[in-house]
A.B. asks: 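One structure, as structure tokens, below. Some questions next.
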Amino acid sequence: MSVRFLFPFLISAHFLVAQSFTEVPHFNSFEGVVGGATAIIDVNGDTYPDLLVTGEKKGNKRSSKLYINDGAGRFSEMATPPFPGVAFGAMALADVNGDSHPDVLLSGRIGSNMPSSRLYMNNGSGHFTKVTDTPFVGVSKGAIAVADVNGDLHPDVLLIGNSSNNRIAKLYTNDGLGNFKEVIDTPFERVDNGAIAIADLNSDQHPDIVITGNKGERTFISKLYLNNGSGQFTELTGTPFVAVFLSAIAIADVNGDEHADLLITGVDERFGTSTKLYINDGSGHFTESLGTPFEDANYRSIALSDVNGDKSPDILLAGANSGRAEIIKLYTNDGFGHFKEMTDHPFVNVAYGSFAMADVNGDQLSDVLITGKNSGSPIMKLYTNNGKGHFSDMMEIPFEGVHYGSVVLSDMNGDKHPDLLMTGRIGQDRRFYPRTLLYTNDGKGHFTEVVDTPFENVGHGAIAIADVNGDDYPDALITGKNRSGDPITKLYTNDGAGRFSEIADTPFAGVYHSSIALADVNGDHHPDALITGQNSAGSLITKLYTNNGSGHFSEVVATPFEGVEHGAIALADVNGDDYPDALISGRNSSGDPITKLYTNNGSGHFSEVIATPFEGVEYSAIAIADLNDDDHPDVLISGQNSSRDPITKHYTNNESGHFSAVTDSPFEGVYAGDIAIADMNGDHHPDILISGKKKWKTYSSKLYINSGFGGFTEVTGAPFKGLGWGSVVIADVNGDHRPDILLAGYNDAVGITRLYIQARE
């Protein structure tokens with residue numbers, strides 16, 4: 001089951017930390033909501049944006065939740081939420097009392113179904129206290145906007161909505177300490193089921209106001225109110241805006257002329273859906289932009305943000321279209337206000353929802369939080385952005401779960417970041433089929449599947465990576481059983497950009513239940529291939545193929561190797577003569593588990609070493625490294641022995657290739673697993689990760705830290721998923737010089753692939 005290359009690859013970095021790993025993607029346990037509001041802002045002063053979400057969850061229960069961000073986009077729900085559950089509400093965050101901490105104003109149905117509007121002050125640590133005796137009228141089906149409308153540098157509040165069957169539109173000014181006073185006789189139309197947007201729309205440096213909504217008797221509005229700078233507003237008549245309710249508004253300069261433009265969507269007075277873009281000439285006069293691609297929607301959400309890094313605001317729009325179907329649409333902007341729909345996004349369709357956009361994982365890119373109703377169920381999803389407008393659901397693992405396969409991490413495309421090549425069976429409920437998958441890494445541990453690769457889909461096989469043709473690019477040798485049930489062994493060469501081509505007419509015997517090792521066994525500086533497994537005739541083989549340096553291989557006949565399947569190979573110099581020797585385990589043609597050592601004379605001629613201490617195993621894994629700092633490579637072997645017991649055994653080397661079993665090692669016995677060796681904690685001693693199946697249908701994945709003299713201690717509390725019938729690989733995938741761990745295999749009746757990032761302590 002295991003694949004081993006040349007000599008063990010030990011990752012070493014100059015740091016010394018405890019072993020703390022986080023599964024990626026972290027499974028943020030968000031609860032879905034509908035008919036609510038969202039905000040992304042740092043509430044606890046750690047510079048990381050947190051999530052505040054309100055709405056109605058399953059069972060028509062009201063919810064308000066605060067999720068705290070660890071800086072990498074991983075969120076933990078605050079155990080005791082400071083806010084009551086709110087539905088049909090709105091939210092605004094701003095520092096209203098001048099202490100530099102964002103406070104929260106919530107409106108909606110709270111408690112006994114009565115409309116409410118409540119202000120909560122933040123102490124700077126994310127702990128909120130309700131302010132009593134505020135003048136805010138309780139509303140539902142409303143909207144809130146906060147801005148300094150009177151020029152005193154304190155944020156004021158505009159509130160619309162339905163208060164006990166009365167529509168309101170009220171402006172409250174702030175004294176700077178969070179004490180608010182209602183402004184009487186404002187010109188604002190009283191509405192509910194509407195939206196508010198505040199921005200300087202006529203270039204006089206004073207914030208103006210746009211309000212949409214239902215004023216009653218099936219009469220809707222979309223009105224613009226200009227501010228004289230002291231908080232006194234005058235309606236600007238004759239605007240081209242279509243009157244709407246169940247609406248949303250977004251403001252941004254979409255055409256690069258430095259004037260704020262408007263996007264308004266909702267239900268018009270004909271009860272048709274409407275989505276319109278209005279371009280501003282800078283004086284507050286707007287002209288509808290014709291020929292836009294936007295789909296009309298109500299029960300709406302809009303967000304404007306640059307998602308693809310071209311410094312032009314793009315549009316995310318969701319709601320129910322004219323056919324009442326839930327939709328979500330992403331439109332990219334060319335910088336001149338011309339938009340094009342991007343169809344290959346991962347967002348789920350929603351209506352009755354809310355958006356928030358901000359950088360949640362510290363990569364300076366705008367990520368997206370979405371809530372709403374999807375196929376009748378409330379959802380909440382967070383999507384991270386790769387900078388080009390391509391988003392990934394943080395709740396979804398990017399890798400297919402595989403088992404009975406092999407996994408390698410290697411820089412395939414020359415960008416110095418380890419990419420992932422994996423084979424194995426995917427599926428569930430006994431409906432499994434083989435796959436071969438390639439994922440490229442952006443250097444931050446974010447992987448993207450490469451489509452249209454030439455690799456044949458296989459399971460029950462192995463992968464080995466090395467430059468076989470001398471062009472300095474890693475090539476791939478893959479074995480396994482294809483979809484037709486035939487064993488294959490195929491060689492694919494790499495052009496240096498991660499594009500592979502199959503080499504035809506190779507001499508390799510097709511095998512499955514196989515293992516591969518690549519190393520220069522005959523001293524010509526070209527990697528040769530040693531392959532084990534079951535061939536198409538049902539015979540068990542172990543074959544050696546030498547490489548002429550151009551990637552052309554020839555079979556070496558009359559080798560001493562015993563044929564095996566369900567085994568493992570390791571190639572390393574165990575006797576100090578600088579020639580790679582071969583350690584091979586597996587099930588032989590008699591059905592017996594074996595483990596045999598073959599020494600190399602330097603010309604690729606091998607001789608079996610008789611009377612070694614190695615216990616015979618099948619379903620095995622082998623790793624070789626100097627584990628006790630004596631400069632001699634030691635051996636670790638796991639597998640199922642002749643008594644069908646799972647074992648993991650440690651053997652030390654006396655320099656000349658004579659091994660002794662270590663009797664007091666702490667390693668748990670497993671089979672059908674894998675072993676990986678790397679310096680995990682920066683102390684320059686190789687540590688060990690072992691996965692596999694235990695005796696009673698349970699699975700294990702355990703990390704053991706090396707004291708430096710070959711004594712190991714198990715790391716307790718590690719998050720690793722116990723897996724069997726799979727692979728373990730270790731590499732720094734996110735560029736922080738700390739080794740990370742990828743596990744693939746079988747558990748819970750399905751194939752599973754998990755990536756664990758080593759955290760900074």
Side-chain angles (χ1 to χ4, degrees), residues 2-9 11 24 386 388 390 392 397-400 402 405-424 426 434-459 461-480 488-503 506 508 516-519 526-527 529 547 550-551 553 674 676 678 726-737 739-744 753-755 757:
S2 176
V3 179
R4 289 291 168 259
F5 317 114
L6 302 181
F7 300 96
F9 176 52
I11 302 172
V24 177
N386 74 349
K388 298 180 181 179
H390 296 285
S392 299
I397 295 174
F399 313 121
E400 287 275 12
V402 299
S406 183
V407 175
V408 296
L409 282 166
S410 179
D411 175 17
M412 309 289 189
N413 57 1
D415 63 1
K416 304 187 186 308
H417 311 312
D419 307 303
L420 175 63
L421 181 61
M422 60 196 300
T423 66
I426 69 171
R435 287 297 305 274
T436 300
L437 299 158
L438 176 64
Y439 299 87
T440 56
N441 178 7
D442 68 357
K444 298 176 183 178
H446 304 136
F447 289 82
T448 303
E449 184 181 347
V450 180
V451 297
D452 298 326
T453 66
F455 305 123
E456 186 161 7
N457 293 312
V458 293
I463 307 171
I465 297 289
D467 173 22
V468 302
N469 58 359
D471 62 2
D472 295 325
Y473 308 134
D475 308 304
L477 186 62
I478 300 176
T479 65
I488 64 124
T489 298
K490 292 197 173 183
L491 176 63
Y492 302 88
T493 56
N494 182 2
D495 69 356
R499 293 183 291 263
F500 288 83
S501 300
E502 182 183 344
I503 301 301
T506 64
F508 306 122
I516 312 172
L518 289 169
H526 310 312
N547 179 6
S550 300
F553 288 81
D674 201 5
S727 287
V728 177
V729 284
I730 297 177
D732 171 23
V733 302
N734 62 351
D736 65 357
H737 306 292
D740 309 304
I741 291 172
L742 189 138
L743 296 169
T753 303
R754 294 285 189 266
L755 174 63
I757 299 297

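Nothing fancy with the numbering, it's 1 onward along the sequence.
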A.B. asks: To the nearest 0.5 Å, what is the distance between CD1 on I488 and CD1 on I478?
C.D. replies: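 Separation between the atoms: 7.0 Å.
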A.B. asks: Do T436 and T453 come close enough that some side-chain heavy atom pair is under 4.5 Å?
C.D. replies: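 No. Closest side-chain heavy atoms not under 4.5 Å.
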A.B. asks: In terms of relative ring orientation, are F500 and F455 parallel, tilted or perpendicular, with 30° and 60° separating the classes?
C.D. replies: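 Answer is tilted, since the angle falls between 30° and 60°.
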A.B. asks: Within this structure, what is the CG-CD distance for the pair L437 and E400, rounded to the nearest 0.5 Å?
C.D. replies: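 One gets 6.0 Å once the value is rounded to the nearest 0.5 Å.
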A.B. asks: Given V729, which partner from the list I741, L755, L742, D740 fulfils the side chain to side chain contact (heavy atoms under 4.5 Å, CB included) test?
C.D. replies: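 Of all the options given, the one that passes is L742.
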A.B. asks: Nearest heavy-atom pair of L518 and A466: which atoms, and what distance?
C.D. replies: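 Shortest heavy-atom contact: CD1-CB, 3.7 Å.
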A.B. asks: Testing the basics here: between I516 and A462, what is the closest heavy-atom pair and its distance to 0.1 Å?
C.D. replies: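 Residues I516 and A462, closest heavy atoms: CD1-O, 3.6 Å.
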A.B. asks: Does the side chain of L477 come within less than 4.5 Å of T489's, by heavy atoms?
C.D. replies: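 T489 reaches L477 side chain to side chain.
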A.B. asks: Would you check if V458 and T479 make a side-chain contact, meaning some heavy-atom pair closer than 4.5 Å?
C.D. replies: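 The answer is no; the side chains never approach within 4.5 Å.
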A.B. asks: Between L420 and L438, is there a side-chain heavy-atom distance shorter than 4.5 Å?
C.D. replies: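 Contact flag for L438/L420 side chains = no.
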A.B. asks: Could you tell me which non-hydrogen atom of D732 sits nearest to which non-hydrogen atom of H737, and how far apart they are?
C.D. replies: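 Shortest heavy-atom contact: OD2-N, 2.9 Å.
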A.B. asks: Would you name the heavy atoms of R435 and I426 that are closest together and state the gap between them?
C.D. replies: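 Between these two residues, the closest heavy atoms are CG-CD1, 3.4 Å.
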A.B. asks: For residues P474 and I465, report the shortest heavy-atom separation together with the two atoms involved.
C.D. replies: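 The pair with the smallest heavy-atom distance is CB-CG2, 3.5 Å.
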A.B. asks: Looking at every heavy atom in both V407 and A744, which two are closest together, and how far apart are they?
C.D. replies: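 The answer is CG2-CB, 3.7 Å.
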A.B. asks: Check whether any side-chain heavy atom of Y492 sits under 4.5 Å from a side-chain heavy atom of E456, and report yes or no.
C.D. replies: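 Counting from C-beta outward, Y492 and E456 do come under 4.5 Å.
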A.B. asks: Are D419 and L421 close enough that some pair of their side-chain heavy atoms sits under 4.5 Å apart?
C.D. replies: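 No - every pair of side-chain heavy atoms lies 4.5 Å or more apart.
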A.B. asks: So, do H526 and F553 sit near enough that their side-chain heavy atoms are less than 4.5 Å apart?
C.D. replies: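 No, side chains not in contact.
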A.B. asks: Between D674 (side chain only) and V728 (backbone N and O only), is there a donor and an acceptor less than 3.5 Å apart?
C.D. replies: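 Yes; judged by distance alone, with no hydrogens or angles, the pair exists.
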A.B. asks: If you round to the nearest 0.5 Å, how far is CG of L743 from CZ of R754?
C.D. replies: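 If we round to the nearest 0.5 Å, R754:CZ and L743:CG are 9.5 Å apart.
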A.B. asks: Any donor-acceptor pair under 3.5 Å linking the side chain of S406 with the backbone of G461?
C.D. replies: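 No, because the side chain of S406 does not come within donor-acceptor range (under 3.5 Å) of the backbone of G461.
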A.B. asks: Once rounded to the nearest 0.5 Å, what's the spacing between atom CZ of F447 and atom CG of L409?
C.D. replies: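 Going from the CZ atom of F447 to the CG atom of L409 covers 6.0 Å.
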A.B. asks: Measure the shortest side-chain to side-chain distance between V733 and I757 over non-hydrogen atoms and say whether it is less than 4.5 angstrom.
C.D. replies: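 Yes; the side chains approach each other to less than 4.5 Å.
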A.B. asks: What's the separation between atom CE in M412 and atom CG in D495, rounded to the nearest 0.5 Å?
C.D. replies: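 Going from CE on M412 over to CG on D495, the span is 13.0 Å.
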A.B. asks: From Y473 OH over to D475 CG, what is the distance, rounded to the nearest 0.5 angstrom?
C.D. replies: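 The distance works out to 11.0 Å.
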